Amino acid sequence: DEVEAAEQSSGKKKSKKRGGRKRNTKNDGSFSAMWGSKKEKLFRCLDCPIAYHITCMPPSCSFHELAMLCHEHAHTSKLPYLDAEHSFQAKVEANAQKRIDK
């Protein structure tokens, strides 16, 4: 290129930086809020490969602390048995009740 030859002859080194405006990488809450990365755990349906974050599950899903059924399988399949007395949710509720009673 003629520009490179002129820069070399004048003793200037070619800059490797590209010009232009820098991209805004901070989350402005628009597109990235919907499709951005989440740090939450994904819950996968027992019958198919679909998975949801707990905050993204549609109301038609069936789930408890061990398993989830998506909106397509919630009415045709059954969740596995969960012993509610010894479940994590029971421990959380018992803890909350103790704090309320204090």
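Sequence positions, counted from 1, serve as the residue numbers for this chain. Predicted model, so just to flag it, every value in this text is computed and none were measured.
Cys61 contributes atom SG, which lies 10.0 Å from atom CG of Leu79 (distance to the nearest 0.5 angstrom). A distance of 7.0 Å separates NE2 of His75 from OG of Ser62, quoted to the nearest 0.5 Å.
Within the 4.5 Å cutoff, side-chain heavy atoms of Tyr52 are placed close to those of Pro58. Contact check for His73 versus Cys48: side-chain heavy atoms found under the 4.5 Å cut-off.
Summarising the geometry of Phe43 relative to Met68, their closest heavy-atom pair is O-CE, 3.0 Å, with the distance given to 0.1 Å. Taking every heavy atom of both residues into account, Ala67 and Leu46 meet most closely at CB-CD1, 3.7 Å. Heavy atoms only, all atoms of each residue included: Ile50 and Cys70 are closest at CG2-CB, 3.5 Å. Nearest heavy atoms, Phe63 versus Ile54: CE1-CD1, 3.9 Å.
Of the possible polar contacts, none joining the Glu65 side chain to the Ser87 backbone as a donor-acceptor pair under 3.5 Å is found.
Scanning for side-chain hydrogen bond (donor to acceptor under 3.5 Å, both in side chains) contacts around Asp83 gives an empty result, with sequence neighbours left out. Scored by the side-chain hydrogen bond (donor to acceptor under 3.5 Å, both in side chains) test, His53 finds no partners at all (sequence neighbours excluded). The side-chain hydrogen bond (donor to acceptor under 3.5 Å, both in side chains) check on Ser77 picks up Asp47, with sequence neighbours excluded. Listed by chain and number, the residues in a side-chain contact (heavy atoms from CB on, under 4.5 Å) with Leu66 are His64, Leu82 (sequence neighbours excluded). Under the rule for a side-chain hydrogen bond (donor to acceptor under 3.5 Å, both in side chains), Thr76 has no partner lying at least two apart in sequence or in another chain.
Residue pairs meeting the side-chain hydrogen bond (donor to acceptor under 3.5 Å, both in side chains) criterion with at least one member in residues 91-102, sequence neighbours excluded: Gln89-Glu93, Gln97-Asp101.
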